[in-house]
Every structure is written in structure tokens, then in C-alpha cells.
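Structure record follows, encoded as C-alpha cells.
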Amino acid sequence: MPQQKPIDHPISKLSQFLRHTGAWKQEVVQFAETLKEGLGRPGVLTDADVARVKRNCTARQEDLELFEAQSARWAALPGLSGSRRSSLRELDDNLETIRRLDAQILDTATLLERATLEQQLSAPDLEWGLAALRGELPRM
């Protein structure tokens, strides 16, 4: 399937992009914190849960690329006001934070893969107990 050319939004949409990415960033921050709680609780997530987390983070990268490209196009416009330049910096900061948090979420999901409910149920209790004593279960 050929890739479509992204929509080039007018700079007048900057405030909408800023509100959207601000809310998006808050959601990702909360999700990253919630996911970290799973590190101390092996067996809480399923294989499907972890796969969904990874799939969503990977898909979000494509959205981030579109937002970053739009921001770069706006930044290249001549004669931007100081206010708009400041808003563009804030937009870029939001996008960078989301990208950084997504990397952390993917790292956490990789750790959680080793301790899903299915992993726990498929291993004898003795193996899980020994793994816990050796510190081999994911922890924060």
C-alpha cells in the first residue's frame, strides 16, 4: 500500500496540536507509571497484555513522526512570532517526552514478558520460587 502524503496543517492549528500533545503526554506518563507497578507483581499481566502494550507503543511512533514533521514544517516558516516559536518548543518538548516514555514503556514491557501469567502458570512453583530468590524476576 503506497504511503500517503501527510496533511500539511496551517500554523493556526498549533494551539490544537499543543493541547492534544499535552493531554497525550499526561496519558503516557500515567500509563508508564502504572505499567511499572507490574514489575513488582509477576503474573499480573498476560502475554496478550504485554503484546498489546508493545504494539500500541510501536504504532504511536508513526504518529509521533507525523507530529514531529508538522512541527518542523511550522518551524521553517518565515516570520514566526516569539509566541509561536515558544509554542513550537513546547510542542517539541511534549513529543520528545512521549518518545522517551515510549522507550521506557517498551523496556518495561520486555521485562514483563518474562513474568506474565502464562509464564508463571507454565513453570513449576519451585522454579518461580528459586527465580525469585535469585532475583531473576523483573523488579523496579
Side-chain angles (χ1 to χ4, degrees):
M1 183 172 166
Q3 194 168 9
Q4 295 178 348
K5 183 180 176 191
I7 298 169
D8 191 13
H9 295 277
I11 190 75
S12 61
K13 299 277 186 177
L14 177 56
S15 62
Q16 291 172 327
F17 273 63
L18 201 50
R19 281 192 305 274
H20 177 76
T21 59
W24 192 11
K25 180 176 80 170
Q26 285 181 342
E27 289 173 14
V28 174
V29 165
Q30 289 174 341
F31 183 74
E33 291 171 358
T34 300
L35 191 62
K36 278 184 184 178
E37 292 174 12
L39 289 172
R41 301 173 60 199
V44 167
L45 297 176
T46 65
D47 289 341
D49 294 330
V50 174
R52 188 171 36 259
V53 167
K54 288 181 146 189
R55 190 172 50 253
N56 288 342
C57 277
T58 303
R60 190 165 38 235
Q61 297 306 305
E62 294 174 14
D63 293 339
L64 284 170
E65 289 172 11
L66 291 172
F67 276 74
E68 290 164 344
Q70 181 63 68
S71 179
R73 286 192 299 274
W74 283 337
L77 291 173
L80 288 178
S81 68
S83 173
R84 284 201 167 144
R85 290 217 178 271
S86 176
S87 293
L88 279 172
R89 279 192 298 277
E90 187 178 348
L91 175 63
D92 290 340
D93 287 346
N94 287 348
L95 297 171
E96 173 56 32
T97 299
I98 294 166
R99 188 173 290 286
R100 181 179 43 77
L101 288 169
D102 271 349
Q104 290 174 7
I105 289 169
L106 286 171
D107 289 345
T108 302
T110 299
L111 289 173
L112 289 168
E113 269 181 329
R114 299 184 349 223
T116 62
L117 177 62
E118 290 85 352
Q119 293 290 320
Q120 190 172 10
L121 292 175
S122 69
D125 290 343
L126 180 61
E127 284 182 34
W128 271 92
L130 290 173
L133 289 173
R134 289 190 301 256
E136 295 173 355
L137 295 180
R139 297 204 183 279
M140 287 200 338

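All of these numbers come straight from a predicted model, not from anything done at the bench.
Side chains of T46 and D49: a donor-acceptor N/O pair is present below 3.5 angstrom, by distance only.
Residues that satisfy the salt bridge (charged side-chain N to carboxylate O under 4.0 Å, His left out) test with D107, not counting sequence neighbours, are absent from this structure. By the salt bridge (charged side-chain N to carboxylate O under 4.0 Å, His left out) test, R73 pairs with D8, sequence neighbours left out. Judged as a salt bridge (charged side-chain N to carboxylate O under 4.0 Å, His left out), and not counting sequence neighbours, the contacts of K54 are E113.
Atom OG1 of T21 and atom CD of E68 lie 11.0 Å apart (nearest 0.5 Å). With rounding to the nearest 0.5 Å, the separation of CG in L64 from OG in S71 is 11.5 Å. Here the CG-CD distance, from L88 to Q70, works out to 9.5 Å after rounding to the nearest 0.5 Å. Considering NZ of K25 and CG of D93, their distance stands at 7.5 Å, rounded to 0.5 Å. We find the OG1-CD distance between T108 and E37 to be 11.5 Å, quoted to the nearest 0.5 Å. The line from OG1 of T110 to CD1 of I105 is 12.0 Å long, rounded to the nearest 0.5 Å.
The heavy-atom pair separating L66 from P6 by the smallest distance is CD2-CB, 3.8 Å. The nearest pair of heavy atoms linking I98 to R60 is CG2-CD, 4.1 Å. For the pair V53 and A109, the tightest heavy-atom approach, listed with the atom from each and the gap, is CG1-CB, 4.0 Å. The minimum heavy-atom distance between C57 and L106, with the atom names listed, is CB-CD2, 3.7 Å.
At least one side-chain heavy atom of W24 sits less than 4.5 Å from a side-chain heavy atom of D63. The shortest distance between side-chain heavy atoms of T58 and R55 does not fall below 4.5 Å.
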| When you look at L18 and L91, which way does the side-chain contact (heavy atoms from CB on, under 4.5 Å) test go after all the steps? | CA-CA 5 Å; L18 201 50; L91 175 63; 4.0 Å; yes
| task | Could you walk me through whether L80 and I11 pass the side-chain contact (heavy atoms from CB on, under 4.5 Å) test, one step at a time? | result | CA-CA 9 Å; L80 288 178; I11 190 75; 4.2 Å; yes
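No salt bridge links R99 with D102; every basic N to acidic carboxylate O contact stays at or beyond 4.0 Å.
Note: F17 and W74 have perpendicular aromatic rings, judged against thresholds of 30 and 60 degrees for the angle between ring planes.
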